[in-house]
Amino acid sequence: FTVPDKFFINCGSDTDVTDNNTGRIFIGERETEMEASSSVGFIFPKHGSTSEKERNHSPTPPLYQTARLFHAESEYKFRIEKHGYHLLRLHFFAFSSSEGNLSSSLFNVSVPGFFLLNNFNPQYNKTLIEEFFLSINTNNFRITFSPIHPNPAFLNAIELFLLPNTFIPKGRFYDHNSMVFHTSYRLNVGGSDVNTVNDSLWRNWQIDDHPSAGHKFQNTSPIHEGNYATLAPNLVYQSARVMNSSKNHSKLSNITWQLDVKKNAKYLVQLDFCHIIGTPVLKNSHFNLYFDNNLSHRITPYDHFNQTCVPFRLESVVDSDDSGVFKISIGPAQNSPHKYAYLNGLELMEIVEKTSPGPMPEVKQNRPSHSHSHWYWRLLVHLKLLAILGAVALVSFIAVVFFVCLKPKKPKHDQSVDWLPMEKKRGGGSSHSHSRYGSSHGSSSSSSSRSHVPNLNKIPFDELQVATNNFDQNWVIGMGCFGIVYKGLLNNGLRVAVKRSEPGLLQQQDLLDLEAEINILLRIRHRHLVSLIGYCDEKSEMILVYEYMEKGTLRDHLYSSKLCWIQRLEICIGAARGLNYLHKGSSCRGISNVHSHVKCSNILLDENNVAKFSDFGLSRKVGPFDENMKCDVYSFGVVLVEVVCGRVAMDANYLAAEWGSICKKKGRLEEIVDPCIKCEIDGESLRKFGETVEKCLRKKPFDRPCMGDVLWDLEYALQLQRGAIQSNPHSNTIASAKTQELAILKHDQLNTPVNYYSGL
Ligand SMILES: Nc1ncnc2c1ncn2[C@@H]1O[C@H](COP(=O)(O)OP(=O)(O)OP(=O)(O)O)[C@@H](O)[C@H]1O
């Protein structure tokens, strides 16, 4: 076959068949073009046994009127011009003729390294298209058909073609080269069937007919591409299933899709979202995603794109249990200001892992089929299963021993509480004074016992009203789960950020998060952690007052202003210091803290670009060896990737991570560096930085460094950059650093409300 990287084959026939829907031509198998190894097959029915006219009038599509039969283990061989990620589709239609009935066939299909179909037995008169996504890194690609005695294997058509790079799954937990993805479900959620005509990769998207709740939603507005290629057809993004709306929030129920799956198998879940539901994309509005009833992800559309009709995708690897059913649900998040949930597309792929160790069963050309190949196959499968079970047992044993020996005792919630929940304090019960709220940057008592908790300054509501120009909408600087954040200027001239919760918005969980945040901030003060200055709980209000971070979040800067490499390094170092202090700073008392929400929107910059961590709502005390610290390190690695690329990853939890590790491994780090700093960045400094990223993103938490080491590495990367500037003072580096500084100033001026200091 000569067409490079694109094969459409009409098996068992020497005539070409045109697919009337898509216009593709499935080329007939001409014996002269067949590789010797595949010529053992037989055409069924035999040539000339059916006239062209008869074929055209048959209700069976021409592609399925012929099949190639394999009485012995046989191969199709393809000459691949371009290595890469391919899509393979095998078409089966079991028909009967005077020569036999194909539905009695039982066979296996494999490609080098992978068993694709095992004991496969297509049903009579039913079209079965088995689809596989796989990497081909060889010039000779083979597909092997192994019939199981006594009936022949068969095949009606093959599609094999190279996929665009955007289709390579980007998950951090798997390597697409060592696995094949076998499509189980592809649903156009809330829409109608989308067939091969409307899909650039000739995929079929089926309707999701049996979800537990929700209603269909259509919107024909144009779909924007965002900053990556669209992965599903627009028709998929233009329909969704959305949560039924109800004024009574407690009545909102999750939407659940229940899918039949193989027991105890691994699956790749790919979910497509596109905000078409008629409301704007609001910052911090989010909803929940559950796998098998367990909360798996918080979906925050704003974090992907802040405008409507821009699709984004989430990928995750899951394990099915022994129920044979896998449930995917979406539902409202308790602490989201707006209650909603939607889904546009759902794909579930079974992960076929590489058979290891050693080569595939040897394929012998023209060998008559007998039970030997079947026996060999089964033996291999059993050996593989035994190996996997052994490994799982060993790992579980080690994990149990590890946990029993090393896991620090988690303090019971009420034992660790050194600050009363806000609710209990309401009604003027607080005895705190507000006289010294400007001085809270100083050190505080380090005791964790309740009696030694330093007083938190209570600020009168009236003063906060004045400070924020009566909670002026123009003074709003952000919105989070807790509520709206305003700029403010206190009586004593201190600039502050005022977080005001919407009355009635806070749920019990929010109060617990709040308590955790205050707990941490009262015990720990550090130059690189945003300080809590005071609070107000008058008139059923719940307001927290923080030191004001003039330049907003690091996230905003990655998008809209351009920091030079030295500034980026200094910011990373500052943030690393804050996190290191959190992890280790109070460990002299045997207590560490994890942040648990490390991301670039939780790193704030003050007027001098000093970076400080904020948002301690999910933080908690842990033992000095707690593994969760290494989760913080991983998330910090994601932040580092975002900083060097100059953009926020679509899904910080895997995309940036994957880029970072892949690019570093292949020495292609330069390619993903933000173009704005490419010319100024010193190669050695970048290499050190890349090395640090790679360490932070290591799969096993144990292999990741502690924050102290990360800090050291970043400081070294900064030294290397500074050294490069000193040795070449007239390089681009300095010029561009100055330009970048100007850019930041300009950005801040634009962001400052005109009347901010005027009347105060
Ligand atoms: N101390 C501060 N100084 C300046 N701006 C701030 C400060 N704290 C918060 N902000 C701004 O307000 C926004 C919302 O902050 P907040 O901490 O309430 O929520 P978040 O951390 O962004 O989201 P979530 O609460 O969902 O984690 C931030 O993105 C930031 O732009």
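Counting from 1, the numbers follow the sequence of the chain as shown. Note that ligands are numbered from 1 as they come in the structure, with each ligand's atoms numbered from 1 the same way.
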| Quick one: does Thr553 get an N or O within less than 3.5 Å of an N or O on ligand 1? | no

| task | For atom 23 (O) of ligand 1, find the nearest protein heavy atom and state the residue, atom name and distance (0.1 Å precision). | result | Asn284 OD1, 3.2 Å

| Residues in salt bridge (Lys or Arg N to Asp or Glu O under 4.0 Å) with Arg527, at least two apart? | none

| query | If you measure from each heavy atom of Lys283 to ligand 1, is any distance below 4.0 Å? | reply | yes

| task | Give the numbers and elements of all ligand 1 atoms closer than 4.0 Å to a heavy atom of Leu604. | result | 1 (N), 2 (C), 7 (C), 8 (N)

| Nearest-neighbour protein heavy atom for atom 4 (C) of ligand 1, which is reported as residue plus atom name and distance | Met549 O, 3.3 Å

| message | Are His528 and Tyr581, when compared by the centres of their aromatic rings, separated by less than 6.0 Å? | response | no

| message | Give me the residue, atom name and distance of the protein heavy atom closest to atom 19 (O) of ligand 1. | response | Gly480 CA, 3.3 Å

| query | Which one of Lys499, Arg298, Lys599 has a non-hydrogen atom at the shortest distance from atom 17 (O) of ligand 1? | reply | Lys499

| query | Just heavy atoms, cut-off under 4.0 Å: does Glu547 contact ligand 1 by side chain, backbone, both, or neither? | reply | backbone

| Within the structure, does Asn602 bring an N/O atom to less than 3.5 angstrom of an N/O atom in ligand 1? | yes

| Region of Asp615 that comes within reach of ligand 1 [heavy atoms, distance under 4.0 Å] | side chain

| From Lys551 atom NZ to Leu563 atom CG, the distance as rounded to the nearest 0.5 Å | 8.5 Å

| For Asn474, does its backbone N or O pair with a side-chain atom of Asp472 as donor and acceptor, under 3.5 Å? | yes

| said: Give me the residue, atom name and distance of the protein heavy atom closest to atom 13 (C) of ligand 1. | reply: Gly478 CA, 3.7 Å

| field | Which residue and heavy atom of the protein sit nearest atom 11 (C) of ligand 1, plus the separation | value | Ile477 O, 4.0 Å

| field | Gap separating the OG1 atom of Thr468 from the NZ atom of Lys487, nearest 0.5 angstrom | value | 13.0 Å

| message | Please tell me whether Asp537 and Tyr535 have a donor and an acceptor in their side chains that are separated by less than 3.5 angstrom. | response | no

| Separation of His595 NE2 from Cys631 SG (nearest 0.5 Å) | 14.0 Å

| request: Tell me which protein heavy atom sits closest to atom 26 (O) of ligand 1, plus the residue, atom name and distance to 0.1 Å. | output: Cys481 SG, 2.9 Å

| query | Of the non-hydrogen atoms in His297 and Leu314, which two are nearest, and what is the gap between them? | reply | CD2-CD1, 3.6 Å

| remark: among protein heavy atoms, the one nearest atom 10 (N) of ligand 1 is Val485 CG1, 4.0 Å

| task | Search all heavy atoms of Cys600 against all heavy atoms of Thr553 and return the closest pair with its distance. | result | O-CB, 4.1 Å

| said: Using heavy atoms and a 4.0 Å limit, tell me yes or no: is Lys487 in contact with ligand 1? | reply: no

| field | Between His275 and Phe312, ring centroids under 6.0 Å | value | no

| Can any side-chain N or O of Asn602 pair as donor or acceptor with the backbone N or O of His597 at less than 3.5 Å? | yes

| said: Under 6.0 Å between ring centres: does that hold for Phe305 and Phe273? | reply: no

| request: Report yes if some N/O of Gly552 lies less than 3.5 Å from some N/O of ligand 1; otherwise report no. | output: no

| request: Considering heavy atoms of the protein only, find what lies nearest to atom 2 (C) of ligand 1 and give residue, atom and distance to 0.1 Å. | output: Ala497 CB, 3.4 Å

| Which segment of Thr300 sits under 4.0 Å of ligand 1 when only heavy atoms are counted | neither

| task | Say whether His286 and ligand 1 are in contact under the criterion: heavy-atom distance to a ligand atom below 4.0 Å. | result | no

